[in-house]
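Presented below is the structure to which this report refers.
Only heavy atoms go into these numbers, but all of them, side chains included; no hydrogens, no water, no symmetry mates.
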Amino acid sequence: MNKLVLALLTIGLLAGCGSKNKNSGKGAFTFEDFRHLFTEAKLPYKLTPETLVEKSADSAAISPEVMKQFLTDTLGISDFPEGTVIKFYPLAAIDGAAVNYFVVKAIGKSTTTAYVCFLDKKGHYLNRLAVAKVENKKDQHYFSIDTRQVIKVTNEHELSPGRTATREDFYGVGEDGKTTLIMTNSSGDAAAGQIFNPIDTLPGKHKLSGDYLSGETSIVSIRDGDDPKSFLFFITFSNEKTGCKGELSGTGHFTSANKGEYKDKETDCGIAFQFASGRVSIREIGGCGAYRGVRCFFEGSYSKKK
């Protein structure tokens, strides 16, 4: 009997030693195990403020041991007050041409921040960039990576109701993980009724070209394309009830005298345009989540500005 009990205890101990907590780093935790903690994503990728503040399960947190093993144990130290207990959560893993991108969420007492960590093709940590932050309702910081692997960090500051200042910083990333600021766009002090429109000064001779508005913070801007069958567009909107925002630009094609369509070459995103009596209606014909928040869509009717 004693021998049987001893044998069962031995089997239990061996099984316990062979198991590992996928987030704790205990046991033979490999880089593949680490990567599997993250959701696989493809470019283009966008992290919205709404997604950043979504609650994460405590069990999904990355332990300090794993952070030190595969990333760095200093992540977040310079961005949070001294002594703050920071919890890290895996968000997305994205394969790039020169480096791979691992998006990590860091949660402190009153602030949530996101970082893009750059790893080489062998899984070695190179560098990181703070790309998103949620701290208060007046300031929003979020980011996206396009198909050219340019990182755009957007910073929005509400000056007063209806007045927002926006700054966009574009970064390139080298094989060594070092980032280079390529360009900065700023809409400055955007007053109520004013929207930063990047195609505003382009030709608009076509009868359907113009700016179509919905409230003070949403616009569908249409400009002439390279030929009569195409058009340039810029869409930006803000849902006042949910705070959800979206922005998209590209080249569409007329499918008839009063209909147009856009299909993104890199994603499933598509937009249908219906023109009628000084108005344009838009709707999604594909998933455009990379260009908007999770609680809103590219849809609605807009009146042409006279």
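Residues passing the disulfide bond (SG atoms under 2.5 Å apart) test with Cys117, sequence neighbours excluded: none. The side-chain hydrogen bond (donor to acceptor under 3.5 Å, both in side chains) test applied to Ser277 returns no partner, not counting sequence neighbours. For the side-chain hydrogen bond (donor to acceptor under 3.5 Å, both in side chains) test, no residue two or more places apart in sequence or in another chain qualifies with Arg283. For Asp79, the side-chain hydrogen bond (donor to acceptor under 3.5 Å, both in side chains) partners are Tyr115, not counting sequence neighbours.
Taking both residues in full, the closest heavy atoms of Thr147 and Pro44 are given as CG2-CD, 3.8 Å, listed atom of the first, atom of the second, then distance. Closest non-hydrogen pair, Leu126 versus Gly177, comes out as CD1-N, 3.8 Å. Ala114 and Leu47 make their closest contact through CB-CD2, 3.6 Å (heavy atoms, listed as atom of the first residue, atom of the second, distance). In this structure, Cys296 and Phe237 approach most closely via the heavy-atom pair SG-CE1, 3.6 Å.
Under the 3.5 Å distance criterion, with hydrogens and angles disregarded, a donor-acceptor pair is assigned to the side chains of Ser63 and Glu65. A side-chain N or O of Ser303 and one of Arg279 form a donor-acceptor pair less than 3.5 Å apart. Looking only at atom types and distance, the side chain of Asp264 has a donor-acceptor partner in the side chain of Tyr291 under 3.5 Å away. Between the side chains of Lys105 and Thr112, no donor N or O sits under 3.5 Å from an acceptor N or O.
Of the possible polar contacts, none joining the Glu261 side chain to the His253 backbone as a donor-acceptor pair under 3.5 Å is found. Counting only distance, with no hydrogens or angles, the side chain of Lys121 and the backbone of Gly96 share a donor-acceptor pair below 3.5 Å. His124 contributes no side-chain N or O that, together with a main-chain N or O of Asp120, makes up a donor-acceptor pair within less than 3.5 Å. Under the 3.5 Å distance criterion, the side-chain polar atoms of Thr84 are matched with a main-chain donor or acceptor of Pro81.
Leu202 contributes atom CG, which lies 12.0 Å from atom CD1 of Ile222 (distance to the nearest 0.5 angstrom).
At least one side-chain heavy atom of Phe31 sits less than 4.5 Å from a side-chain heavy atom of Leu119. Annotation: side chain of Thr236 is not in contact with side chain of Ser218 (no heavy-atom distance under 4.5 Å). Annotation: side chain of Asn155 is not in contact with side chain of Tyr142 (no heavy-atom distance under 4.5 Å). In this structure the side chain of Leu43 reaches within 4.5 angstrom of the side chain of Gln149, judged on heavy atoms.
Counted within 6.0 Å of CG on Asp227, heavy atoms from surrounding residues, nucleotides or ligands total more than 12; the atom is thus considered enclosed. Lys87 NZ: 12 or fewer foreign heavy atoms inside a 6.0 Å radius. Surrounding CG of Asp268 are at most 12 heavy atoms belonging to other residues, nucleotides or ligands under 6.0 Å away.
Sorted pairs that involve residues 171-181 and meet side-chain hydrogen bond (donor to acceptor under 3.5 Å, both in side chains), not counting sequence neighbours, are lacking altogether.
Taking the six-membered ring where the residue is Trp, the centroids of Phe273 and Phe231 are separated by under 6.0 Å. Residues Phe254 and His206 place their aromatic rings such that the two centres sit under 6.0 Å apart. Ring centers of Tyr125 and Phe70: at least 6.0 Å apart, outside the cut-off. For Phe34 and Phe29, the gap between ring centers reaches or exceeds 6.0 Å.
Ile94 and Val131 fall within the same hydrophobic cluster, defined by Ile, Leu, Val, Met, Phe, Trp and Tyr side-chain heavy atoms under 4.5 Å apart, directly or through other members.
Taking the charged nitrogens against the carboxylate oxygens, Glu156 and Lys245 do have a contact shorter than 4.0 Å, which makes a salt bridge. Ion pair Lys46/Asp146 not flagged as a salt bridge, since none of the NZ, NE, NH1 or NH2 atoms sits closer than 4.0 Å to an Asp/Glu carboxylate oxygen.
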Note to self: Before you tell me yes or no, could you show the steps for Asp33 and Arg35 under salt bridge (charged side-chain N to carboxylate O under 4.0 Å, His left out), namely the whole-Å CA-CA distance, both residues' side-chain angles and the distance that decides it to 0.1 Å?
What the structure shows: CA-CA 6 Å; Asp33 294 326; Arg35 186 181 178 110; over 6 Å; no

Next item on the list: For salt bridge (charged side-chain N to carboxylate O under 4.0 Å, His left out), just list the numbers for Arg223 and Asp211, CA-CA rounded to whole Å, side-chain angles, deciding distance to a tenth of an Å, and then say yes or no.
Entry: CA-CA 9 Å; Arg223 295 294 185 270; Asp211 295 331; 3.1 Å; yes

Margin query: Run Lys109 and Phe80 through side chain to side chain contact (heavy atoms under 4.5 Å, CB included) and show every step you take.
Written below: CA-CA 9 Å; Lys109 185 177 181 180; Phe80 289 85; over 6 Å; no

Margin query: Would Lys259 and Phe275 count as a side chain to side chain contact (heavy atoms under 4.5 Å, CB included) here? Give the steps.
Written below: CA-CA 6 Å; Lys259 292 182 180 181; Phe275 299 89; over 6 Å; no

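Hydrophobic cluster membership for Tyr89: Ile107 (Ile, Leu, Val, Met, Phe, Trp, Tyr linked by side-chain heavy atoms under 4.5 Å, directly or transitively).
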